[in-house]
Amino acid sequence: MVTNTAPVAWPIFVLFIHINNRKMKQHTIALITGGSRGLGKEMALSLAKRGIDVILTYHRQKEEAEGVVREIESLGQKAVALPLNVAETKGFDPFFEAVREALSVTFHAEQINFLINNAGIGTHAQYPDTTEEQLDNLINIHFKAAFFLTQKALPLLADGGGIVNVSSGLARFALPGYAAYGAVKGAVETLTRYQAKELGARKIRVNVIAPGAIETDFGGGAVRDNRELNHFVSSVTALGRAGLPDDIGSVVAFLCTDDAKWINAQRIEVSGGMML
Ligand SMILES: NC(=O)c1ccc[n+]([C@@H]2O[C@H](COP(=O)([O-])OP(=O)(O)OC[C@H]3O[C@@H](n4cnc5c(N)ncnc54)[C@H](OP(=O)(O)O)[C@@H]3O)[C@@H](O)[C@H]2O)c1
């Protein structure tokens, strides 16, 4: 009996392993805040190109977010867009309920593998003129979200996964008008090291990227649309131009692969060598 069934059983066993491997690959899932436009959109597309499924969030631009979902699907990956205001911590519990449901219904999964804290706004105000309201808003959106949204995500985040926070070159160099923004991003960088320290026990890697000036809608689209500013950025960048969203998306996607498995607790500046 044994000698008769063995040749039949082996191919079935190999097929089973192959299907299981494919299934596991399909189930790598990244959650990106602010995936409707700009850097978050490019991160989402870059991840999809590497075979990673995406849950992306939007604040006001539902249609744009749904467009990103369709683009991801056309790349052969699964995606869902969910509303989220990162400035309101009280919305985080219902948000993660929606994430749980999306995981079950769309992805047939129970956990995410990567969290990318990207959503954000820019505020330009000279230090003497910066109001408490402006500072509070920046703290809520950039720092409290990276702190508490991540905290609430932990039960859903798979061991061995990763977190990417988003800082800015402005946390390293100082340009007039960015005292509040740059200082808050500096706090995000410090938080990253603490998260990496504590989450290492679960083999979760935590890194922070610091983009230079990139041509997006950020800050009213000034780097993209204001020729004088664009020229200034190019002149203080070693590679001689302002950044493009694709310059950033590919780095985040890399951090969410096994190729980056030994990169942890790092600040990676992605600026083409700005303000050296
Ligand atoms: N562009 C740069 O030069 C630059 C440089 C360094 C760092 N960064 C950082 O990179 C990140 C992304 O910037 P970006 O250039 O992609 O900006 P962007 O093009 O203006 O896109 C901002 C994204 O964040 C979302 N968002 C804004 N406020 C939100 C809120 N309260 N709650 C939830 N989502 C919110 C937006 O959603 P809706 O579309 O739905 O409104 C959008 O998806 C930010 O953290 C920013 O600080 C940007």
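Remember, it's 1-based here, ligands and their atoms both numbered in the order they're listed. It should be emphasised that the depicted structure is a prediction, and the values quoted were computed from it without experimental measurement.
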| task | For residues Tyr178 and His124, establish whether the separation of their ring centroids is below 6.0 Å. | result | yes

| said: So which atom in His142 and which in Val188 form the shortest heavy-atom distance, rounded to 0.1 Å? | reply: O-CG2, 3.5 Å

| Sub-4.0 Å heavy-atom environment of ligand 1, residues by chain | Gly34, Gly35, Ser36, Arg37, Gly38, Leu39, Tyr58, His59, Arg60, Gln61, Leu84, Asn85, Val86, Asn118, Ala119, Gly120, Ile121, Ile141, His142, Val166, Ser167, Ser168, Tyr181, Lys185, Pro211, Gly212, Ala213, Ile214, Thr216, Asp217, Phe218

| field | Lys/Arg-Asp/Glu bridge criterion (N-O < 4.0 Å) met for Asp247, Arg241 | value | yes

| note | Here the pair of heavy atoms bringing Met274 nearest to Ala213 is SD-N, 3.6 Å

| task | Mind listing the closest non-hydrogen atom pair of Asn264 and Arg205 along with its distance? | result | OD1-CA, 3.2 Å

| message | If you take the centroid of each ring, where Trp contributes its six-membered ring, are Tyr181 and Phe218 closer together than 6.0 Å? | response | yes

